[in-house]
Each structure stands twice: as C-alpha cells, then as structure tokens.
Amino acid sequence: MVREITCEIKQLDCAKCNLTAAITALNHLHMLAGGVDTLTTMTKNRQYKEIALPMQAIMEVLQHFECYRDIRELSVLRDQVHSIRHDLGNQILADFKQAFTGGSKSNITHRTLSEACGVVDILDPKVKQDLLKWFISMQLQEYQHLYSSEQECAWLTHIERRYAWLKKHLLTFEDTLGNIFPYQWALSENIARQFCKITSTELSNLMAARRNELDVKLLLYAIQNTYNFELLLHKRFTGTDLKPDNVDTNSKQPFDNETKDNTADSDGQQAEGSSSSWVGLIGSCFEPYLSLYINSLDSNLSSLIERFVQDAKTSPSEANMTASGEGAVISSCADLFLFYKKCLVQCARLTTGEPMLELAGVFQKYLREYASSVLQAALPRTNPTSLLSLSLSGNTVPSIVTNLHTLLRDEAGNVSRYTKQEISKITSVITTSEYCLETTIHLEQKLKEKVSPKLSDKIDLTPEQDLFHKIISNCIQMLVQDLETACEPALQSMTKISWLSFDNVGDQSSYVTQIIMHLKNTVPNLRDNLSSSRKYFTQFCIRFANSFIPKFIQNVYKCKPISTVGSEQLLLDTHMLKTALLELPSIGSEVKRAAPATYTKVVLKLMTKAEMVLKLVMAPLEGNLEGFVTQFVKLLPDCSLAEFHKVLDMKGAKLSKTQMSNLDAVFKNACKSADVK
C-alpha cells in the first residue's frame with residue numbers, strides 16, 4: 001500500500017530535479033551566449049573596467065558546463081571565450097607597448113592601463129608574466145645602455161653610480177607610473193630584483209675580462225658599496241632594518257658577543273644579514289675573486305703578528321699585559337681575535353663556499369704563529385723553537401722541562417729559580433692560552449655556522465686547540481719544576497741526617513720547615529696570578545703532588561741506617577708534611593677553603609704510602625720473616641720487589657743470599673695471593 005502511495009511522489013521528485021537542472025542549464029547557456037557577445041564588444045571598445053565582472057561570471061558558467069563537453073554547441077562557445085581571453089591579453093600588451101613606445105601618437109591613457117591591469121589578474125598567468133617581463137626590460141634599457149661593458153663608468157671604480165641610477169629611477173617611476181599598477185604586483189621590487197640580476201651578470205663578465213686590473217682595495221670598495229646598497233633594498237622592500245655587524249672591542253669573548261649582535265630585536269626584526277633575500281643578490285658575483293681578499297688578510301695578519309712580537313720586545317713587562325694585573329691575559333690576544341671576527345663577519349657577507357675554508361686555513365696558520373712567536377717566546381729562559389717542536393710533535397713535556405732546569409744550574413751547583421716577574425710571565429701565558437683555547441672553540445663553531453653545511457665537516461681547529469693545551473701543560477710543568485727545584489736542597493739535607501743517632505722524638509725537622517717555607521713563599525703568588533684560571537691552579541697542585549711526593553719517598557729510602565726512634569721522627573716529619581700539602585691550595589690565604597677532592601685524594605694516597613713505609617721500617621723482622629712479608633703486602637699492595645729491598649735496607653736487615661732468595665720467593669707468592677683475592 002505504501003509503495004503504491006509513494007510511487008507517484010518519487011516520479012514527481014525525479015521530474016522536479018530534472019526540470020530544475022534543465023532550467024539552470026538553459027539559464028547558464030543564455031548567460032554564456034549573451035556573455036560572449038558582450039565580451040567581444042567590450043574588448044573592442046577597451047571597456048576594461050566593465051569587462052572584469054562579466055569575464056569572471058562567464059568563467060564560472062564554463063565550470064558548470066564541464067560535464068557537457070560532448071555537446072558541440074557548448075564547445076564552440078567555450079572556444080570563443082578562450083579566444084576572447086587570448087585576444088584580450090594580446091590587446092592589453094599591445095596597449096601598454098603603444099602607450100610607452102608610441103610617443104605623442106598614443107591615445108592610451110594611464111587610467112585605461114590601470115583598468116587593464118585589473119583584467120590581467122583574471123586572465124592566464126602567462127599574460128601577466130609577459131607584460132611584466134616586457135615592462136621591466138623596457139624600464140632597464142637605459143641602465144643597460146649607460147653601463148654597458150664598453151663604457152668606462154661600468155668599471156668597479158664607479159660602482160656607486162649604478163646604484164644611484166636605480167634609486168633615482170625608482171623614485172621617478174613611483175611618482176609618474178606607480179599608480180598604474182596594482183600594489184600587490186610589487187613592480188618596484190621586481191624592477192630592483194631584475195636590476196640586481198643584470199648587474200651581477202655584467203659585473204661578473206667585466207671582472208673576468210679585466211681581472212688584471214682588479215686589486216684587493218678596489219674589490220673591497222665594490223663589496224662594501226654593494227653590501228650597503230643591498231641593505232638599503234632590504235629596508236625599502238621589507239620595512240625592516242638589518243643591523244650592521246658591529247664588533248664590540250670591549251667584549252671578553254668576541255664570538256660570544258657576535259651571537260648577541262645577530263639576534264632579532266624586540267620588534268621581531270631580523271638582524272642577521274645572511275637571512276635576507278637581498279643580501280648577496282649582487283654581491284655573490286665577487287665570490288670567485290675573494291682569494292684576493294684572503295691573501296690580503298694573510299698579509300695583514302702577518303704584519304699584526306710582527307707588531308705583537310715587536311711590542312713584546314720593546315716593553316715586555318707592560319705593553320702586553322691587560323690592566324687586570326700580574327698573570328693577566330696578554331692584550332694582543334684579544335686584538336688578534338677581534339681582527340678574526342671582523343674578517344669572519346665581512347667574508348660571511350659574501351660567501352658560504354670555498355673562500356670560507358681558505359679563511360679558516362689562514363686563521364689556523366696565525367693561531368699557530370701567535371702560539372710560537374708570542375706565547376712561547378714570552379716564556380723566560382726558554383728556546384721558543386724547541387718548545388714549538390715539542391708542542392707540535394706531542395713529545396712528553398716533563399722530560400724536556402726537567403732537562404731544561406738541569407741546564408739552568410750554574411757551575412757552583414746552586415739552583416737557578418724564576419724571579420717573581422718571570423713567574424708572572426709564565427702564569428700570563430697560561431691565562432692567555434686558556435683564553436685562546438676557549439675562543440678558538442667558539443671560532444670553530446662560528447665558522448661552521450657561517451659556511452655551507454656540506455663544507456662544515458672540513459673545518460677543524462682541533463690541532464690548534466691541542467697546541468694551546470700543550471702550552472698550558474708546559475707552563476704548569478715549568479712552575480712545578482721550579483717549586484721542586486726550591487725544595488730539592490731540603491730533601492737532600494734530609495738524607496744527610498744521622499737517623500741512627502736519634503734518642504727521642506722532637507718537633508718537626510728543619511728540612512720540613514724549609515719545604516713548608518718554600519710552599520708558603522711560592523704558592524700564594526701563583527694562586528693570585530691564576531685566580532681567573534682556577535682549574536689550572538688546581539692542576540698545578542695535583543701535578544706538584546704527583547711529582548714531589550714520589551721524590552720525597554725516594555729520599556725516605558735513602559735515610560739509612562735508621563733507628564726506631566729515627567723512624568718515629570721521620571714519621572712525624574712525614575705527617576707534618578702531609579698536613580702542609582693537604583692545605584697547599586689555600587696556604588697563606590686568609591680565606592680557608594676546602595682543597596679540591598681530586599687533589600686531596602692524590603696527597604692522601606701518596607703520603608699514606610710514605611707513612612706505611614716508615615711503619616714497616618719500625619715493624620719487627622727477626623724470627624717472623626713471613627709475617628713481615630704478609631704485613632708488607634697488606635700495607636703496600638702496589639709495591640715492587642725493588643721497594644721491598646729498599647725497606648729491608650732501611651731496617652738494616654743482615655740476611656744471607658739464601659735467606660734473601662727465600663724471602664723474595666715468599667714476597668712474590670704473597671703478591672700473587674693478594675692479586676687473586
């Protein structure tokens with residue numbers, strides 16, 4: 001029953017839909033047929049203002065008829081519309097050409113052209129491209145004629161005239177013709193971009209043809225003028241300022257400061273030149289000739305290093321130090337890196353390619369030169385050449401320095417120590433090398449940021465960083481050796497004491513007092529000089545402990561024969577020396593601070609060994625050889641057989657060869673058992 005009732009309703013609904021579609025199609029067909037005639041008439045009459053809306057409506061109607069492509073009459077109408085659009089585009093282009101090249105004969109007004117631009121936006125995009133290409137080319141015809149390669153004003157010496165021409169031309173264009181074109185076409189910007197492309201090509205050809213006339217002064221003049229012009233274009237067409245790459249001469253870390261200089265300002269304006277699409281648009285043409293600039297930098301850096309060397313010779317104690325006092329960073333170091341920053345900033349404006357690798361190579365060359373000619377030459381009573389070969393070869397520093405100090409002993413056998421001024425020089429080289437090391441790390445990071453990503457892996461300043469590390473290590477060893485040299489006579493006097501004749505234990509011996517006196521006289525000055533490089537002062541303390549305490553232990557072995565009371569006195573001296581060494585980092589300071597844990601660990605480990613040696617010397621030997629060996633291995637698990645013999649010698653043990661052989665076997669077995677456990 002429901003089907004019978006609704007059957008007619010369905011038929012009526014279907015008929016309604018078909019009828020609606022037919023009426024809509026007929027209406028659209030009527031609009032299309034009438035619109036074709038209207039468009040044809042309007043096109044002939046150049047009614048550009050009125051043609052825009054009908055054209056858009058007809059294009060929407062054609063979209064509706066996409067599903068009726070097989071109908072011949074509709075295809076004819078579609079072809080007519082496309083023909084009108086094509087003819088309209090050609091007519092508008094012809095109108096522009098007649099208006100700008102027809103002279104006084106042309107009757108095309110600016111208003112007509114402005115209305116035509118509104119039509120161009122709804123035509124095929126190629127129409128707009130062809131129109132802009134022709135118009136921009138026409139606008140730059142005068143420029144290409146005035147600055148053709150045959151004209152003398154085309155050469156780099158007159159490069160600012162090129163840029164002045166465009167500035168003047170754009171002002172004239174915007175005053176007289178700017179109202180013709182829609183704002184969104186950005187015609188002034190497109191003219192400027194095409195100008196930049198033409199200029200870059202012509203300058204490239206000119207420099208290739210007249211390369212023998214090109215020198216670094218002229219190149220830099222052209223680069224600077226070009227860069228300033230590109231900044232001006234950026235400001236004109238983006239509305240933001242590009243901050244110049246300033247170099248802060250008061251910056252402690254030049255390359256840290258650059259990061260702040262190049263960040264965006266509070267208004268969100270982009271500050272780094274390389275992010276602008278304008279910067280480098282012309283300047284890239286200079287890139288193949290930047291080797292002239294790099295060679296010039298090489299020469300300038302050579303002169304700069306020579307000046308540093310001469311300044312150091314004329315006023316070695318004052319001219320090279322900053323105002324912060326003894327042990328301060330040598331001022332020439334900051335000058336060098338500020339010069340590096342200026343070079344990097346300037347080169348980064350021009351290229352991110354191979355010239356940046358050449359620049360990195362020059363930087364590396366003069367970092368090594370500065371290390372050898374300035375830093376190592378500043379060290380007292382040293383041969384810079386030998387020290388440079390030491391640093392570059394990677395040989396062990398302590399052995400060389402030890403030999404050096406051996407040579408510094410005079411014929412009378414007295415020890416030659418560094419003066420306070422010489423100590424200041426050494427600490428100054430340490431702080432300067434630390435500054436160079438840290439800044440070189442930042443320099444490498446900046447170079448990798450500025451260079452093209454595919455080339456960044458080729459930049460490696462690790463050898464130069466290692467060189468500064470080795471200079472620091474060398475200087476610390478010199479300071480350690482100097483303090484050891486001062487303590488050497490006291491250690492020698494310790495071995496000359498008659499330890500067998502002691503009847504009672506008294507206060508600390510005079511040699512301990514002498515050692516502590518040398519520590520108090522030397523360490524506070526070093527601590528003050530290295531106040532800005534605390535980690536290297538700690539390194540000095542650790543290295544001194546690692547070197548001095550084993551020497552002290554070797555001299556303890558020489559204190560023979562020794563009585564039990566003498567051993568107790570020597571143990572007391574060892575304890576007093578241990579206490580003094582634990583306080584070494586803050587010795588002579590009003591502010592007492594805990595010594596670094598790493599240093600305390602070294603002193604406790606080594607001085608405990610000295611105390612254990614003396615306790616073993618006091619331990620009974622007769623009738624309990626195996627027990628003594630067991631105790632020895634327990635107290636000194638890392639000692640060798642030679643040290644075992646030295647302890648026996650101190651005890652004055654009188655053993656036959658057989659007993660000694662048996663004792664050696666017991667010692668070896670005990671060591672093996674201890675290793676297994």
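In this chain, numbering begins with 1 at the start of the sequence shown. The basis for the numbers below is simple: all heavy atoms, side chains too, and nothing from hydrogens, waters or symmetry mates.
- Judged by the 6.0 Å and 45° rule, R193 forms a cation-pi pair with W278.
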- Item | From CA spacing to verdict: side chain to side chain donor-acceptor pair (under 3.5 Å), Y221, E160 | CA-CA 10 Å; Y221 170 78; E160 75 284 354; 2.7 Å; yes
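- In this structure, the side-chain hydrogen bond (donor to acceptor under 3.5 Å, both in side chains) partners of T351, at least two apart in sequence or on a different chain, are E287.
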- Task: Start with the C-alpha gap between D298 and K365, add the side-chain angles, then the distance that decides, and say whether salt bridge (Lys or Arg N to Asp or Glu O under 4.0 Å) holds.
- Result: CA-CA 9 Å; D298 192 309; K365 173 183 175 182; 3.3 Å; yes
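- Using a 4.0 Å cut-off between a side-chain N of Lys or Arg and a carboxylate O of Asp or Glu, R210 and E213 qualify as a salt bridge.
- Here the closest heavy-atom approach between residue R543 and residue S473 is recorded as NH1-O, 2.9 Å.
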- Passes side chain to side chain contact (heavy atoms under 4.5 Å, CB included), L491 versus F548? Steps please. CA-CA 10 Å; L491 292 177; F548 172 76; 3.7 Å; yes
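- S372 places a side-chain N or O within 3.5 Å of a backbone atom of E369 that can act as its donor or acceptor partner.
- Across all non-hydrogen atoms, the minimal contact from T432 to I330 is OG1-N, 2.8 Å.
- Taking SG of C475 as the start and CD of Q376 as the end, the distance is 8.0 Å to the nearest 0.5 Å.
- Atom CD1 in I191 sits 12.0 Å away from atom SG in C196 (nearest 0.5 Å).
- Inter-residue side-chain proximity for Y599 and L584 is flagged as met; some heavy-atom pair is nearer than 4.5 Å.
- Using a distance-only test at 3.5 Å, with no hydrogens or angles considered, a donor-acceptor pair links the side chain of T419 to the main chain of E422.
- Between Y293 and C343 the shortest side-chain heavy-atom distance falls below 4.5 Å.
- Note: Y340 and F363 have parallel aromatic rings, judged against thresholds of 30 and 60 degrees for the angle between ring planes.
- Rounded to the nearest 0.5 Å, atoms CG (N529) and OG (S428) are 9.0 Å apart.
- The shortest heavy-atom contact between A192 and L170 is CB-CD1, 4.5 Å.
- Without hydrogens or angle criteria, S424 side chain to K420 main chain gives a donor-acceptor distance under 3.5 Å.
- Looking at V429 and N474, their side chains never come closer than 4.5 Å, going by heavy atoms from C-beta outward.
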- Under the side chain to side chain contact (heavy atoms under 4.5 Å, CB included) criterion, do R162 and E202 qualify, and how do the steps go? CA-CA 11 Å; R162 291 177 178 266; E202 291 187 351; 3.5 Å; yes
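- Interatomic distance, T199 OG1 to L166 CG, rounded to the nearest 0.5 Å: 8.0 Å.
- Under the 3.5 Å distance criterion, the side-chain polar atoms of N546 are matched with a main-chain donor or acceptor of I542.
- Using a distance-only test at 3.5 Å, with no hydrogens or angles considered, no donor-acceptor pair links the side chain of T352 to the main chain of A348.
- The backbone N or O of L146 lies less than 3.5 Å from no partner atom in the side chain of Q151, so there is not a single donor-acceptor pair.
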- Kindly indicate, with the supporting measurements, whether the criterion side chain to side chain donor-acceptor pair (under 3.5 Å) is fulfilled by Q224 and N228. CA-CA 6 Å; Q224 188 60 52; N228 292 339; 3.1 Å; yes
- Message: The test is side chain to side chain contact (heavy atoms under 4.5 Å, CB included); show your working for Q346 and Y227 and say whether it passes.
- Response: CA-CA 10 Å; Q346 193 167 30; Y227 181 69; over 6 Å; no
- Task: Begin with the C-alpha distance, continue with both residues' side-chain angles, and end with the deciding distance and a verdict on ring pair (Phe, Tyr, Trp, His ring centres under 6.0 Å) for Y143 and Y147.
- Result: CA-CA 6 Å; Y143 168 71; Y147 295 94; 5.3 Å; yes
- Query: Passes side chain to side chain contact (heavy atoms under 4.5 Å, CB included), L479 versus T522? Steps please.
  - Reply: CA-CA 10 Å; L479 296 174; T522 303; over 6 Å; no
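- Taking the side chain as every heavy atom from C-beta outward, E306 and Q310 approach each other to under 4.5 Å.
- Taking the charged nitrogens against the carboxylate oxygens, D466 and K470 have no contact shorter than 4.0 Å, which rules out a salt bridge.
- Ring geometry for H169 against W165 counts as parallel: the plane angle stays under 30°, on a 0 to 90° scale with 60° as the upper cut.
- Using cut-offs of 30° and 60° on the angle between ring planes, the pair F229 and Y163 is parallel.
- The closest donor-acceptor contact from the side chain of D482 to the backbone of R417 lies at 3.5 Å or more, if one exists at all.
- The closest donor-acceptor contact from the side chain of E358 to the backbone of S291 lies at 3.5 Å or more, if one exists at all.
- Between Y536 and T431, the closest side-chain pair of non-hydrogen atoms is not below 4.5 Å.
- Across F286 and T226, no two heavy atoms sit closer than the pair CE1-OG1, 3.5 Å.
- Within the 4.5 Å cutoff, side-chain heavy atoms of L203 are placed close to those of I159.
- A heavy-atom distance below 4.5 Å is not found between the side chains of L292 and D215.
- The two residues L467 and R368 come nearest to each other via the heavy atoms CD2-CA, 4.0 Å.
- Smallest separation of non-hydrogen atoms from G588 and R527: C-NH2, 3.7 Å.
- Evaluation of the side-chain hydrogen bond (donor to acceptor under 3.5 Å, both in side chains) rule for S533 yields E434 as partners, not counting sequence neighbours.
- Side-chain contact between P585 and P596 is present, with heavy atoms from C-beta onward closer than 4.5 Å.
- Atom NZ in K341 sits 8.5 Å away from atom NZ in K446 (nearest 0.5 Å).
- Taking OG of S332 as the start and CD1 of I305 as the end, the distance is 7.5 Å to the nearest 0.5 Å.
- Side-chain N or O atoms of Y435 include none that pairs as donor or acceptor with a backbone N or O of A334 at under 3.5 Å.
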